[in-house]
Every structure is written in structure tokens, then in C-alpha cells.
Amino acid sequence: MMKKNLAKQKASPQPQGSCAHCCGNDETTEATEKTTNYSIYLPAIISFTMLMIGLTLDYFKVLPFFKNHIRLAWYIAAYLPVGLPVLKEGWQSIKKGNFFTEFFLMGIATIGAFAIGEYPEGVAVMVFYGVGELFQGAAVKRARGNIKALLDLRPDHALVFRDHSYIPVAPEQVEIGEKIQVRAGEKVPLDGALISEKGSFNTAALTGESKPISLKKGDPIYAGSINTSGVIEITTTKEFKDSSIARILDMVQNATARKSKTELFIRKFAKVYTPIVTYLAIALTFLPYFFVADYIFQDWLYRALIFLVISCPCALVISIPLGYFGGLGAASRNGILFKGASFLDTMTKVNTVALDKTGTLTKGVFKIKDLVIYQDFTESEFMSYLIAIEAQSTHPIAKAILEHATDKSAYSATEVLEIAGKGLKGKVNGKTVLAGNKSLMNSNKIKVPTEIDSILESVVMLAIDGKFAGYVTIADELKEDALTAILNMRKAGVKKIIMLSGDKDSITQKVAKELGLDWAKGGLLPEEKLEEVEQLKKQPDTKIAFVGDGINDAPVLATSDVGIAMGGLGSDVAIETADIIIQNDQPTKIATAIKIGNSTRKIVWQNIVLAFGIKLIVLAMGAGGMATMWEAVFADVGVALLAILNAVRLQKMQWD
């Protein structure tokens with residue numbers, strides 16, 4: 001037996017609700033964002049200026065002729081710039097069979113105010129409603145900013161080497177294997193591998209990591225990264241439509257499609273709530289005739305109009321989705337991508353977190369520590385067999401073995417079969433070779449030395465033609481923030497933290513003890529991890545999040561209440577399967593995701609209580625004749641603005 005210590009060798013390397021006037025559809029929003037002038041503010045400015053002039057003339061009576069038809073004409077002129085678009089929207093909704101919208105409420109209330117001679121109040125309601133819509137639109141645009149910033153990562157062109165020179169080509173037209181050039185300060189247009197000897201890249205917009213990363217020849221580089229060094233060359237490995245950035249952009253643009261339960265409830269509620277208050281306003285106008293001795297129609301109509309203005313559901317149907325949208329943007333700014341608002345809600349209920357080990361809590365960057373040979377092989381021969389078969393695998397341990405090798409194997413492997421959770425089997429130099437763990441050896445009736453059972457590190461065993469040839473031990477190390485991540489999760493309210501790993505149980509238990517986990521299980525095949533998570537989900541009052549690398553763990557990511565992929569930027573399976581993607585591989589972001597979910601939910605419920613509370617108070621005052629249109633404006637537009645300002649706070653919060 002020959003043993004060699006290699007410990008010092010090198011390591012392997014738009015919210016939409018019924019208030020569509022302010023938010024509109026995607027095309028309207030995009031057009032608004034591209035507007036370079038202030039024309040959208042002009043109607044509100046004109047109407048507000050004319051209203052102020054009219055109120056001044058009414059109060060000081062400096063112009064004797066400002067009365068009767070002239071006064072009415074002035075206020076109609078003041079009303080039209082802000083009122084006409086709302087009336088038009090209301091009419092379009094009615095033609096589609098949707099009578100009870102906020103446009104209908106505002107239209108009836110303001111026209112009614114004109115009908116009873118309250119011209120300034122009719123104009124004021126519509127002016128402040130329009131101003132409120134502009135504020136709401138600005139808040140939506142700001143909340144959209146963090147997410148829309150990713151769209152700026154979409155490259156305009158790629159410099160492709162064709163016909164002996166670099167020519168600009170649309171990224172969609174670049175094929176796999178073509179050579180592209182990226183100059184200093186430019187965005188990498190497609191996923192690829194670095195051809196140049198080295199390069200430095202800013203990936204802040206992709207991963208939330210402000211520190212530039214350094215890559216060397218052969219390392220993968222992702223579209224959207226910004227080249228901060230000199231001119232570099234890349235070989236493309238994916239078409240643009242399959243690149244990581246294209247998938248992430250698609251995911252981000254569709255994130256709001258998955259509404260939270262609170263959003264869905266509010267939208268359904270608004271559809272029921274609006275017709276109810278309309279009928280109540282009609283009742284408030286006419287029913288008092290049968291019960292009040294000195295009934296005056298104009299007084300009760302005025303109360304009903306106030307009631308309509310107050311009852312407009314804008315504060316709810318805008319501020320609540322805006323809160324969730326702000327949460328999605330804040331998470332994106334922190335390098336966390338939620339695939340929908342529903343997962344912001346679910347994260348607040350997570351009380352159990354199950355973690356994979358390799359690549360999640362550990363770096364997944366392995367190095368060979370010891371090499372032990374049992375048969376009559378030289379180290380060079382032993383490694384040639386091992387390297388030949390491991391070259392057929394993409395597992396991190398295989399990469400560590402290949403990077404340890406100073407020379408290419410003299411042999412090549414054929415008929416290689418990868419056995420999930422066990423290792424590899426194939427033909428090398430005409431001999432049957434097995435490379436893997438003890439389970440692989442046992443299933444092929446290979447006798448394994450008993451001393452191996454006491455080794456804590458990962459062991460890759462090699463058998464040649466049915467005889468045990470030796471083994472190498474592989475060491476991994478914890479990520480710098482692994483322990484902090486566990487502590488932060490507990491502070492965030494997670495009651496149980498466990499580890500489910502495919503690595504040998506002795507290593508799993510050692511890591512679990514170092515991190516203070518509740519319990520751990522190692523030596524699990526992918527289907528066994530799935531069974532463990534399914535058992536956990538059966539426990540009462542358990543909401544489980546599973547955190548893995550998104551490849552072997554894909555079934556578990558899909559089954560858990562929330563699937564979180566670490567470093568999903570480079571993993572197709574992670575992007576497809578996980579509900580949340582942590583882009584910079586830092587496990588501390590798990591607690592950050594929980595905190596963002598909690599903050600978002602808190603803001604949303606504050607807005608619900610604020611909107612309902614003030615509206616109910618002013619509604620009661622209006623019905624009792626103690627509120628005017630001015631209070632009604634505050635109960636509608638004022639509350640909406642307060643709720644929006646509250647939601648915007650999410651964009652300035654810090655959670656790390």
C-alpha cells in the first residue's frame with residue numbers, strides 16, 4: 001500500500017387592479033416611461049391653475065361678471081382636461097359591460113356636483129384624483145426601476161469573428177461555438193467560455209455582488225456581465241434565447257403574473273365592493289325621503305356624491321400590488337429573484353429550512369487531500385485510470401480530480417455509465433473500471449478495506465477488473481457566511497434547520513455539528529431527499545423551504561413549499577424549477593429573502609388597515625352630513641398617496 005499526502009496541492013478551482021388609468025397595460029406603461037417631456041402633467045396643471053383662479057374670483061368677487069353661465073363655463077373648462085380622460089375610460093368600461101369601476105364612481109360624483117351647483121368641488125375632486133393617479137404612476141415606475149434595470153442588461157449587439165474580422169451581429173443571430181469579442185466597458189452579449197488568459201467582470205446587476213470577479217481562461221462567463229478589463233474573447237456556449245440572462249429577463253418580466261393571495265382577494269373584493277357602494281349611494285339619496293320629515297333632495301344627493309368619492313377603491317387596488325411590486329424590486333436589488341409575489345407571502349410562513357450541503361453551505365470547490373494505492377500501480381498509472389473515467393463526469397469532485405492532474409490521461413474511457421448517487425462505470429484501456437463511493441463497490445461485490453469507514457472526508461474509490469485499486473480523499477470547505485446564514489435564519493423566525501446531503505453521512509454530520517443544525521442526514525440519493533421532504537411536509541403546521549444547487553435537487557425544489565436555488569444564474573434547471581433564485585451563492589440571502597417577505601407583508605397590511613380605517617370614518621361622516629367633498633378627496637386620493645408613500649419605503653429598507 002502506498003499513501004501520499006496531497007493536502008498542500010492546489011485546490012480546484014406592473015401592478016394592475018381596477019385603477020388601470022394610472023397603471024394601464026404594459027404597452028401604455030412602456031410608452032409613458034419613454035416620454036421625454038412633461039406633457040402628461042399638463043392637463044392637471046391647467047385644471048389646477050384654473051381651479052385656483054376660479055376659487056380666488058369666487059372668494060374676493062373682484063370680477064362682477066364671474067357668475068351664472070360665465071362661472072359655469074369657466075369651471076367646465078377647468079374640469080375637461082382632467083375629467084374627459086376619466087369619463088372616456090368609464091364609457092369604454094361600460095361598453096365592455098364593466099359598469100362599476102372607479103371611473104364610473106368619479107364621473108357620477110363630479111357630474112352630480114355640477115348638477116347641484118357645486119362647481120369648484122366637482123373640479124377639485126377630479127383634479128386631485130388626476131394628481132393622485134400621476135403620483136401612483138410615478139410610484140409604479142420607481143418600484144419597477146430595480147426590476148426594469150435588468151432589462152438594460154440586454155445586449156444590443158455582439159462582435160462576432162466572421163470572414164477574418166469582427167463584425168456587429170444581433171445576439172439572436174450568433175451560433176454556439178462562434179468567437180466573440182467584448183471590449184472594455186461593454187456587456188457580455190451571450191453565455192460563453194473565456195478564451196483570453198484572464199478577465200475582470202462586474203456582475204453587480206446579475207448577482208447583487210458589487211466586487212468585480214476575476215476569471216481565467218476556460219471559466220464560464222454569463223451574458224449581462226460588464227467587462228472591466230481590456231479587450232477579451234469568448235467562445236459562445238449557448239444561443240441567446242437559452243442564455244441565463246434571457247431566461248432571467250423572461251422570469252422577471254412575468255414575476256407579477258403570479259399574484260399573492262392578498263392581491264387576488266383585493267381584486268375580487270373591489271369587483272363586489274364597488275357595485276355595493278353604488279347602490280348604497282342611490283339608497284342614501286332616496287330612502288331618507290320615507291323617514292326624514294324635512295327631506296331635501298339636493299342635500300341628500302350631495303351626501304351620496306361624497307359617499308361615492310370616498311368609496312373609490314383606488315387606495316387598495318393600487319397600493320397593495322405596488323407593495324408586492326416594491327418587494328420584488330427590493331429583492332432583485334439584493335441579488336434575489338422571486339418568480340412571483342405569491343412566494344413573497346409564502347416565505348413569511350416558512351418555519352423549516354432544508355439545505356443541501358455541497359455548493360449550498362460549502363464552496364463545492366474540492367481538492368485532493370490524500371491518495372492511497374493498494375495494487376501494484378504507480379501513482380501515474382493509478383491517476384490515468386481515475387482521470388480517464390472521471391473526465392466523463394461534470395460532478396464537482398470529478399472536476400477537482402481533473403484539475404489536480406498535471407498531465408492528461410494516457411487512456412480514454414468508453415461505455416461510461418453514470419450511476420446516480422454512486423459513481424461511474426466504464427471501460428479504460430480494455431479493463432472494467434469503477435470509480436465512486438462504497439455503495440458502488442458493494443453493489444459490484446468489491447471488497448473495501450475497513451480503514452476507509454473511519455475516514456470523514458469524501459472518498460473516491462477505484463476498482464479495476466473487480467479488484468480494489470485504491471482511493472483518493474476529497475476535501476471541501478464551508479462558505480465564509482455559512483454560520484452567519486444559520487444564525488440569521490433563526491433570528492428571522494425559522495424554527496428548524498436541517499441538512500439533506502448526498503455526501504457520506506460522516507461528513508454531513510460533521511458539517512451539521514459545526515453549524516449547529518437541528519439534524520442532518522447524509523448518503524441520500526435524489527429520490528431519498530424527495531422522500532424526506534415529503535415526510536416533513538406531512539407534519540402539521542410545517543412550511544418547508546428547500547435550498548439546493550438546482551440540478552440533482554430539482555425534484556425536491558419542485559416539491560417543497562418554496563424551492564430556493566443557490567447560484568441559479570448558471571443553472572438552467574435552477575431557473576426552470578426553483579421559485580426563488582439567489583444569484584450570488586451566499587446562504588445569508590435566505591434570511592434576507594424571509595425578511596423582505598415579512599417587510600412586504602407588513603407594508604401591505606398597514607395599507608389595508610389605513611385605507612379601510614379612514615374610509616369607514618369619513619363614510620360615516622359623509623352619510624351623517626358632517627363631511628364635504630374636501631374630506632372625501634382626502635379619504636380617496638389622500639389615503640391612496642399615504643399608502644403609496646408607505647409602499648415606497650420598501651425601496652429604501654436595508655435587510656442585511
Once you round to the nearest 0.5 Å, how far does OH of Y411 lie from CG of N429? 4.5 Å
When you measure from the side chain of E178 to the backbone N and O of T235, does any donor-acceptor pair fall under 3.5 Å? no
Considering residues at least two apart in sequence or located in another chain, which fulfil the side-chain hydrogen bond (donor to acceptor under 3.5 Å, both in side chains) criterion with T348? none
Show, in sequence, the C-alpha distance, side-chain angles and deciding distance for F343 and F338, and conclude whether the ring-ring contact (aromatic ring centres under 6.0 Å, His included) test is met. CA-CA 7 Å; F343 301 116; F338 282 80; 7.7 Å; no
Report the residues that fulfil side-chain contact (heavy atoms from CB on, under 4.5 Å) with E381, sequence neighbours left out, ordered by chain and then residue number. F377, T378
How many angstroms lie between OG in S332 and CG in L337, if you round to the nearest 0.5 Å? 5.5 Å
Who passes side-chain hydrogen bond (donor to acceptor under 3.5 Å, both in side chains) against R183, sequence neighbours left out? none
Side-chain donor/acceptor of T362 to backbone N/O of K357, under 3.5 Å: yes
Strictly below 4.0 Å, N to O, side chains only: are K369 and E457 in salt-bridge contact? yes
Whether the side chain of T236 engages the backbone of E175 through a donor-acceptor N/O pair (distance < 3.5 Å, no angle test) should be reported. yes
Sequence neighbours excluded, the answer for side-chain hydrogen bond (donor to acceptor under 3.5 Å, both in side chains) partners of E532 is K521
Take I336 and I581, measure what side chain to side chain contact (heavy atoms under 4.5 Å, CB included) needs, and give me the verdict at the end. CA-CA 6 Å; I336 306 167; I581 298 172; over 6 Å; no
Let me see the working for I234 and V188 under side chain to side chain contact (heavy atoms under 4.5 Å, CB included), right down to the final yes or no. CA-CA 9 Å; I234 295 170; V188 176; 3.8 Å; yes
Under-4.0 Å salt bridge between D453 and K438: yes
Check ring-ring contact (aromatic ring centres under 6.0 Å, His included) between F468 and all other residues, then give those that pass, not counting sequence neighbours. Y374
Using side-chain contact (heavy atoms from CB on, under 4.5 Å) as the criterion, list what pairs up with A391, not counting sequence neighbours. L402
Verdict with reasoning, V459 to M461, per side chain to side chain contact (heavy atoms under 4.5 Å, CB included): CA-CA 6 Å; V459 178; M461 306 177 201; 3.8 Å; yes
May I have the step-by-step check of salt bridge (Lys or Arg N to Asp or Glu O under 4.0 Å) for K529 and D356, ending in yes or no? CA-CA 9 Å; K529 285 187 184 182; D356 181 37; 3.0 Å; yes
Contacts table for residues 441-450: side-chain donor-acceptor under 3.5 angstrom, sequence neighbours left out:
residue, atom, partner, partner atom, Å
S443, OG, S439, O, 3.1
S443, OG, L440, O, 2.9
N444, ND2, L440, O, 2.9

From M499 CE over to D518 CG, what is the distance, rounded to the nearest 0.5 angstrom? 11.0 Å
Verify the distance criterion only: is there a donor paired with an acceptor across the side chains of N227 and S229 at less than 3.5 Å? yes
Euclidean distance, F161 CZ relative to I180 CD1, rounded to 0.5 Å: 13.5 Å
Between E528 and L525, is there a donor-acceptor pair closer than 3.5 Å when you use the side chain of the first and the backbone of the second? yes
If only atom types and distance count, is the side chain of D579 paired as donor or acceptor with the main-chain N or O of G563 below 3.5 Å? yes
Got more than 12 heavy atoms from elsewhere within 6.0 Å of NZ, K179? yes
Mind checking the CD1-NZ spacing from I232 to K217? Nearest 0.5 Å is all I need. 13.5 Å
Which pairs count as salt bridge (Lys or Arg N to Asp or Glu O under 4.0 Å) when at least one residue sits in residues 421-436, sequence neighbours excluded? none
Taking the side chain from D345 and the backbone from A341, do they hold a donor-acceptor pair closer than 3.5 Å? no
Tell me if a side-chain donor or acceptor on D553 pairs with a main-chain N or O of G548 at a distance below 3.5 Å. no
Residue pairs, two or more places apart or on separate chains, that pass salt bridge (Lys or Arg N to Asp or Glu O under 4.0 Å) and touch residues 478-489: K363-E480
Nearest 0.5 angstrom please: T484 OG1 to K491 NZ, how far? 8.5 Å
Side-chain contact, heavy-atom cut-off 4.5 Å: H157 with P189? no
Between S393 (side chain) and I389 (backbone), is there a donor-acceptor pair under 3.5 Å? no
Can a side-chain donor-acceptor contact be found between Y385 and E390 if the only test is distance below 3.5 angstrom? no
Work out which heavy atom in S501 is nearest to a heavy atom in T508; give both atom names and the distance. CB-OG1, 3.5 Å
Please find the pair of heavy atoms, one from I486 and one from L361, that lie closest to each other, and give the distance. CD1-CD2, 4.4 Å
The side-chain contact (heavy atoms from CB on, under 4.5 Å) partners of E531 (sequence neighbours excluded) come to none
Sequence neighbours excluded, every pair satisfying side-chain hydrogen bond (donor to acceptor under 3.5 Å, both in side chains) that has a member inside residues 557-567: none
Using atom types as modelled and distance alone, determine if a side-chain donor or acceptor of D465 lies under 3.5 Å from a backbone N or O of T432. yes
For atom NZ of K537, decide whether the heavy atoms of other residues, nucleotides or ligands shown that lie under 6.0 angstrom number more than 12. yes
For S599, what residues pass the side-chain hydrogen bond (donor to acceptor under 3.5 Å, both in side chains) criterion, not counting sequence neighbours? W655
Between S200 and T228, does any side-chain donor sit less than 3.5 Å from a side-chain acceptor? yes
